[in-house]
Number of protein chains: 2
Amino acid sequence: MLAASLQLADEQGLAAVTMQAVADRLGVTPMALYRHVANKADLLDGVVESLLLEVPLPDPADDWATRLLALSRGTRRAASAHPEVFPLLLQRAAVTPGARRARDVVYGALREAGLGEDDVIQLERLLATAVLGFAASEAGGRFAAHSAAQLDADFARLQEMLAGAVVAALEATPHVP
Amino acid sequence: MLAASLQLADEQGLAAVTMQAVADRLGVTPMALYRHVANKADLLDGVVESLLLEVPLPDPADDWATRLLALSRGTRRAASAHPEVFPLLLQRAAVTPGARRARDVVYGALREAGLGEDDVIQLERLLATAVLGFAASEAGGRFAAHSAAQLDADFARLQEMLAGAVVAALEATPHVP
DNA sequence: ACCTGAACACCGTTCAAGT
DNA sequence: ACCTGAACACCGTTCAAGT
């Protein structure tokens with residue numbers, strides 16, 4: 001049902017995701033959906049969550065910088081696969097299992113990099129926000145005037161910027177030699 | 001009419017912005033709105049644009065770093081004033097007068113800082129995206145679990161991060177001594 | 001437990017008609 | 001030029017009833 005809704009959004013836009021259309025696709029009446037979902041907002045929550053769970057987790061064997069890069073690339077890819085739904089991500093509290101899963105990857109990477117716990121927690125929010133902001137802008141159409149090559153270059157530069165921020169935080173961290 | 005729609009969204013949520021409700025507030029029938037707006041999407045475009053035009057432009061007498069900070073603070077304030085509408089900003093192409101207005105402020109500041117034209121153009125997108133991503137996350141509820149103090153601290157750190165990116169770009173720029 | 005038919009109050013949008 | 005009444009095809013959601 002969440003898969004059917006996501007597919008519907010991908011194919012015909014978010015506005016096409018109506019209780020009746022989803023039900024149709026499942027060969028059922030609209031009212032049957034209310035057995036599995038409280039209401040339409042709840043259904044959309046589920047769709048957003050399933051999108052989040054589609055972002056592949058990086059290989060834990062890679063070093064921390066590679067893992068961060070892989071996660072942000074996976075996020076951008078999920079956005080481009082589901083541009084209609086992705087922007088909704090910024091409109092839900094990041095407290096679901098899917099949100100926690102991605103957050104934990106970043107926490108682990110920043111800890112391994114050597115940051116203190118307070119830094120880890122704050123920096124994760126800023127890194128995630130920058131990546132989500134970019135991916136949501138791209139998916140939502142804010143960059144519609146720009147070429148794919150330009151956006152690839154922008155994304156690469158964003159990564160450099162974020163890496164620079166992590167390095168700066170590391171340099172400000174007292175470390176055991 | 002755009003003002004009435006924005007007010008309606010602020011007071012009762014984006015879902016309450018229906019053609020009938022807007023018409024009601026103006027003391028007119030819904031069909032009368034179609035004289036001023038092509039359809040509902042067009043109306044929402046107008047509402048988003050009017051929100052963008054609400055962001056105050058920085059004092060041109062201030063130095064470039066102060067202007068950038070003022071613009072991003074103004075943006076964050078507009079988001080908190082209109083949390084229902086603000087997230088839509090990431091879902092429209094940044095080609096309207098309101099978008100251009102803000103962009104030109106950043107262009108001017110980065111040029112004055114001493115960046116080359118290519119850097120100015122690319123960095124503007126990244127800075128704007130980071131600020132909009134943060135403001136939209138905050139307005140949209142992604143940070144709902146966090147205190148206002150925490151979010152203020154996050155925003156301050158975001159500014160530091162962005163300032164660091166500008167400085168790094170400046171250091172990589174060959175300059176006339 | 002799960003699904004349905006019928007119904008309700010609302011949507012966005014059209015069109016011809018009014019002033 | 002601007003607004004309206006009536007109508008159309010759709011919404012989300014409820015409730016009692018069916019299996």
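Protein chains get the first letters and strands the later ones, always in sequence-line order, with residue 1 at the start of each. None of the values given here were measured: they were computed from a predicted structure.
Here the side chain of A:Thr29 is nearest to one of D:dT4, C:dT13, C:dG5, namely C:dG5.
Atoms CG (A:Leu26) and P (C:dC2) sit 15 Å apart, rounded to a whole Å. Here the C1' atom of nucleotide C:dT4 and the CG atom of A:Asp24 are 14 Å apart, to the nearest Å. One can place CE of B:Met1 at 13 Å from P of D:dC2, the figure rounded to the nearest angstrom.
For A:Gln20 (side chain) and A:Pro30 (main-chain N/O), no donor-acceptor pair under 3.5 Å exists by modelled atom type. At least one donor-acceptor pair closer than 3.5 Å links the side chain of B:Glu49 to the backbone N or O of B:Gly98. In this structure a side-chain-to-backbone donor-acceptor pair under 3.5 Å is missing from B:Arg142 to A:Leu90. Here the side chain of A:Arg25 pairs no donor or acceptor atom with the backbone of A:Gln7 at under 3.5 angstrom.
A heavy-atom distance below 4.5 Å is found between the side chains of A:Leu110 and A:Leu68.
Residue-level contact check: A:Met31 touches the bases, meaning some heavy atom is under 4.0 Å from a base atom.
Within residues 33-46 of chain A, the residues approached by DNA chain D to less than 4.0 Å at the level of any non-hydrogen atom are A:Tyr34, A:Asn39, A:Lys40, in residue-number order.
Proximity of B:Gln20 to the phosphate of C:dC10: no side-chain N or O atom is located under 4.0 Å from OP1 or OP2.
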Audit row: A:Glu117, A:Ile121, side chain to side chain contact (heavy atoms under 4.5 Å, CB included) steps and yes/no: CA-CA 6 Å; A:Glu117 200 56 22; A:Ile121 289 175; 4.3 Å; yes

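For the pair A:Leu151 and A:Phe134, the tightest heavy-atom approach, listed with the atom from each and the gap, is O-CZ, 3.6 Å.
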According to the Watson-Crick and G-U wobble definition with distances under 3.5 Å, which dot-bracket string, read 5' to 3', encodes DNA chain C, using [ ] for crossing pairs and | for pairs with another strand? ||.|||||...|||||.||

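Comparing A:Val17 and B:Val28 against DNA chain D, the residue whose closest nucleotide sits nearer the 5' end is B:Val28.
A salt bridge between A:Arg76 and A:Asp152 is present, with a side-chain N of the basic residue lying under 4.0 Å from a carboxylate O of the acidic one.
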